[in-house]
> 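Have a look at the structure that comes next, please.
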Amino acid sequence: ISLLILLQVVYEQEGVFIHSSCGKNDDQDSLIAGILRVIEKENEVVVDWRPLDETLDTFNILCAGKDSSSVVEWTQTPKEKCSRGADRPSSYEAEWDMVTTVSFKKKPHSNGDATTHANGESKWSFLFSLTDLKSIKQNKEGMGWSYLVFCLKDDVKLPALHFHHGDSKALIKCLEKHVALNESPHDERVLLVKTQKSLSQSFENLFDEPSYGLLQKWKKDPYIVTMGKFSKVTNYIVGTLRSSDASHQRRPPSEMADFFNDTIPGLKINQQEEPGFEVITRIDLGKQPEVSRREPVSAEEWAKNMDSEGRIIDVDYIKRLIFKGGLCHTLRKEAWKFLLGYFPWNSSKEERANLQKRKTDEYFRMKLQWKSVSEEQEKRNSRLRDYRSLIEKDVNRTDRTNKFYEGEDNPGLILLHDILMTYCMYDFDLGYVQGMSDLLSPVLYVMENEVDAFWCFVSYMDQMHQNFEEQMQGMKTQLIQLSHLLRLLDSGFCSYLESQDSGYLYFCFRWLLIRFKREFSFQDILRLWEVMWTELPCQNFHLLLCCAILESEKQQIMDKHYGFNEILKHINELSMKIDVEYILCKAEAISMQMMNCKELPQTVSEILGIENSSVTPDSDTGEDESGAELSCPTSLYQSISTPVIAANGTRDGAQQMAETQSLTPA
């Protein structure tokens with residue numbers, strides 16, 4: 001499959017040499033002459049060096065090819081050679097999608113003097129993305145030829161490049177247009193690359209990604225890997241972390257764990273020894289209570305809870321009903337607008353109609369902004385081009401097996417595209433990041449209306465915004481909070497995960513990023529989301545859902561002595577196999593356990609939003625001296641008849657008799 005991708009060479013320098021020591025005379029370096037280029041490709045800038053005998057004309061670089069190593073090498077497609085000029089056809093293979101970080105690795109050869117591969121290309125060629133550059137080391141002026149050494153973020157150092165024809169100042173000046181370079185305080189010869197200014201939004205499909213791409217893309221941006229298939233990471237993770245030198249042993253598991261920790265700077269999962277954190281040990285939560293669920297809220301139940309002006313009579317009561325059973329599908333189009341905050345709970349029918357009218361006008365004004373941008377304008381707006389490119393790519397692969405989005409020229413896909421483009425106008429700083437289409441798809445499916453879907457999506461993104469921000473603060477916070485909860489629930493399991501270098505809970509990243517969207521079936525995710533949107537029975541209920549899933553899998557993970565790779569693979573393969581009703585029951589039972597605990601650590605109380613003024617972090621007794629009550633979910637079960645599905649996944653025949661009982665507001 002060919003893909004049209006335009007390249008622009010912004011820097012080119014001949015006479016850039018690598019001094020290798022593979023010559024016949026060990027005391028004399030072999031000089032390998034080459035050309036160094038800096039190439040702009042869409043929203044990525046790459047540095048490419050290759051020997052003169054391999055280099056192609058600047059305007060005839062047509063496609064990128066890969067071999068078994070981590071070195072990406074250019075190959076020219078004979079039939080696609082074209083003449084110079086702006087009107088030349090540009091045809092490139094989609095291999096560019098895979099080019100992010102490329103580590104320089106010398107390839108093994110049977111002949112030590114060999115300088116070329118079997119295909120005639122040099123083993124010294126290398127290419128890397130500027131997003132993966134860590135530092136540049138320069139020699140001091142007046143010390144022979146000017147040279148540079150590039151060091152990548154995985155601490156791989158590329159061969160020194162010697163500038164025999166001119167110096168390296170022009171290159172540094174070119175690179176500074178794309179990255180911020182600061183002199184190291186420890187070595188004036190070293191220029192350090194500042195942290196990238198914005199979160200990379202070049203999210204690619206990794207289903208056919210080679211090992212080096214997966215690992216390097218994880219390090220570049222964990223969103224990429226988690227939005228792809230974790231099983232691919234599992235297959236390649238250890239092999240890629242091995243040294244290219246066969247004589248080197250596999251890196252220890254602890255180093256692999258450090259690799260993942262470094263992916264999200266500032267993420268410290270094990271806070272046990274950090275000042276200001278409680279030590280959570282040996283707190284008896286008691287037995288998990290048996291929890292049941294009811295049938296979905298019916299249209300009749302919804303209507304009975306509205307007054308003559310269309311106002312909800314008892315908001316808390318209707319939320320409890322939704323939490324315990326969800327909604328029948330016919331109600332979702334209306335009820336989701338309340339749950340997501342698009343409609344105020346205390347609004348009348350007339351007020352909601354006026355709101356929709358105002359919001360419709362506002363939506364189409366924003367939509368007109370990007371619709372009216374001419375091609376000439378868009379050529380000068382790289383961010384808008386990037387957003388559009390990412391959206392078009394993701395829309396074409398979002399829930400395509402769902403009838404609402406399947407087939408070509410599907411109106412659902414057009415609406416998905418237009419809403420996401422309009423959201424870029426609404427929040428241009430964030431724009432579009434992969435994963436957002438996953439959040440919009442079920443909302444649009446339910447609303448079946450462009451305007452309503454947009455404003456519901458806006459409300460949902462208000463909740464999820466931090467997940468997609470540059471610093472990933474939302475993801476850091478949630479992973480740390482999840483660690484606290486899991487340690488309180490089962491410190492032994494946490495210790496086991498840590499012993500297998502899995503204590504960072506990186507396998508939960510995708511769960512949290514897009515709220516389990518790819519872990520449950522489409523219909524199950526509708527149920528799960530509407531339950532979570534009630535914000536019952538506590539804050540951060542989605543973290544308890546994570547705990548419920550992990551606790552359900554704990555026995556198998558520990559009994560079979562799963563290690564680093566096996567845990568990752570096992571969690572990935574749970575996708576589409578989790579019983580949503582069972583997990584909702586289990587998560588609710590865990591919440592009741594914690595809320596009823598009289599020695600609940602303050603940190604956990606804050607995570608769950610439990611008001612518990614009488615119990616202090618260092619409380620040694622289980623007595624509540626003030627008599628104050630915990631905000632326990634007992635009220636959830638008052639006056640709610642519950643034809644149930646128990647936590648063991650079975651229905652209790654005696655409890656099903658409750659189906660005939662009437663419902664009255666608590």
Side-chain angles (χ1 to χ4, degrees), residues 218 221-234 237 256-257 259-271 434-435 438-439 463-464 466-468 472-491 493-520 524-525 528-529 532 539-558 562-578 580 583-584 586-587 590-591 604 607-608:
W218 174 284
D221 197 329
Y223 290 175
I224 298 175
V225 174
T226 54
M227 297 307 296
K229 288 189 175 181
F230 264 126
S231 57
K232 288 290 183 182
V233 187
T234 304
I237 195 77
M256 291 190 279
F259 172 87
F260 285 101
N261 186 41
D262 291 342
T263 301
I264 310 179
L267 174 62
K268 299 293 183 184
I269 289 297
N270 186 2
Q271 302 282 7
Q434 189 182 23
D438 279 281
L439 298 183
Q463 301 175 29
M464 304 292 289
Q466 279 195 319
N467 282 15
F468 298 96
M472 293 187 285
Q473 188 57 51
M475 298 305 299
K476 296 176 191 176
T477 300
Q478 290 173 88
L479 286 169
I480 291 171
Q481 290 175 335
L482 176 57
S483 177
H484 279 295
L485 295 174
L486 191 60
R487 184 168 296 280
L488 174 62
L489 186 65
D490 194 328
S491 60
F493 184 42
C494 273
S495 297
Y496 178 82
L497 291 176
E498 288 169 2
S499 72
Q500 302 303 320
D501 300 297
S502 299
Y504 298 115
L505 306 178
Y506 49 83
F507 43 76
C508 298
F509 195 97
R510 187 175 67 187
W511 296 0
L512 299 172
L513 178 68
I514 52 175
R515 287 296 191 271
F516 308 99
K517 170 61 167 54
R518 299 196 182 180
E519 317 314 316
F520 293 89
D524 282 351
I525 212 65
L528 190 71
W529 282 5
M532 288 193 295
Q539 288 178 184
N540 291 310
F541 183 64
H542 68 288
L543 298 180
L544 297 184
L545 289 166
C546 293
C547 289
I549 297 171
L550 292 174
E551 190 178 57
S552 299
E553 302 304 318
K554 173 189 70 173
Q555 205 66 38
Q556 182 171 345
I557 289 172
M558 295 181 71
Y562 284 168
F564 182 87
N565 276 2
E566 291 82 8
I567 293 171
L568 188 66
K569 183 174 185 291
H570 179 72
I571 295 298
N572 177 64
E573 291 176 350
L574 293 177
S575 179
M576 302 300 158
K577 298 176 183 177
I578 307 171
V580 68
I583 289 301
L584 283 169
K586 191 167 186 64
I590 293 172
S591 75
V604 174
I607 292 170
L608 301 181

> Do the side-chain N and O atoms of Gln481 and Thr477 include a donor-acceptor pair separated by under 3.5 angstrom?
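Absent: no donor and acceptor within the cut-off.
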
> Given side chain to side chain contact (heavy atoms under 4.5 Å, CB included), test Leu545 with Leu528 step by step and report yes or no.
CA-CA 10 Å; Leu545 289 166; Leu528 190 71; 3.8 Å; yes

> Calculate, to the nearest 0.5 Å, the distance between atoms CD1 and CG belonging to Ile590 and Leu486 respectively.
9.0 Å

> Taking C-beta and beyond as the side chain, do Ser552 and Ile578 meet within less than 4.5 Å on heavy atoms?
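Not touching, per the 4.5 Å side-chain cut-off.
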
> Are any of the side-chain heavy atoms of Asn540 and Leu485 separated by less than 4.5 Å?
no

> For Lys577 and Glu573, what are the C-alpha separation, side-chain angles and deciding distance, and is it a salt bridge (charged side-chain N to carboxylate O under 4.0 Å, His left out)?
CA-CA 8 Å; Lys577 298 176 183 177; Glu573 291 176 350; 5.3 Å; no

> Please give me the minimum heavy-atom distance between His542 and Phe516, naming the atom from each residue.
O-CZ, 3.6 Å

> Is there a side-chain contact between Ile549 and Trp511 (heavy atoms, below 4.5 Å)?
yes

> So does Leu512 get a backbone contact from the side chain of Arg515, meaning a donor-acceptor N/O pair under 3.5 Å?
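The answer is yes, because a donor-acceptor pair under 3.5 Å joins these two groups.
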
> Quick one: CG on Leu544 to NZ on Lys586, what's the gap to the nearest 0.5 Å?
12.0 Å

> For the side chain of Ser495 and the backbone of Ser491, is there at least one donor-acceptor N/O pair under 3.5 Å apart?
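Present.
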
> How far does CZ of Arg510 sit from CG of Asp438, to the nearest 0.5 angstrom?
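So the gap between those two atoms works out to 9.5 Å.
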
> Rounded to the nearest 0.5 Å, what separates atom CD in Glu519 from atom CD1 in Ile525?
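Going from CD on Glu519 over to CD1 on Ile525, the span is 8.0 Å.
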
> Could you tell me if the side chain of Phe468 sits less than 4.5 Å from the side chain of Leu439, heavy atoms only?
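They are in side-chain contact.
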
> Atom CG in Leu513, atom CE in Met472: separation rounded to 0.5 Å?
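Result: 10.0 Å between the selected atoms.
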
> Would you say Leu608 and Ser591 make side-chain contact, with heavy atoms under 4.5 Å?
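No, their side chains stay 4.5 Å or more apart.
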
> Hey, what's the ring geometry for Tyr496 with Phe493, parallel, tilted or perpendicular (30° and 60° as the breaks)?
parallel

> Does a side-chain heavy-atom distance below 4.5 Å link Ile571 with Tyr506?
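Side chain of Ile571 against side chain of Tyr506, heavy atoms only: no contact under 4.5 Å found.
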
> Look up atom NE2 in His484 and atom CG in Leu482, then write down how far apart they are to the nearest 0.5 Å.
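It is 10.5 Å, given to the nearest 0.5 Å.
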
> Any side-chain heavy atom of Asn572 sitting closer than 4.5 Å to one from Phe507?
no

> Ignoring hydrogens and angles, tell me if any N or O in the side chain of Gln556 forms a donor-acceptor pair with the backbone of Glu553 under 3.5 Å.
no

> For Ala587 and Ala548, work out which heavy atoms get closest and say how close.
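Result for this residue pair: N-CB, 3.8 Å.
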
> Leu489 and Cys547: which non-hydrogen atoms are nearest, and at how many Å?
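So the two residues come closest at CD2-CB, 4.0 Å.
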
> Tell me, with the steps shown, if Tyr504 and Leu497 meet side chain to side chain contact (heavy atoms under 4.5 Å, CB included).
CA-CA 8 Å; Tyr504 298 115; Leu497 291 176; over 6 Å; no

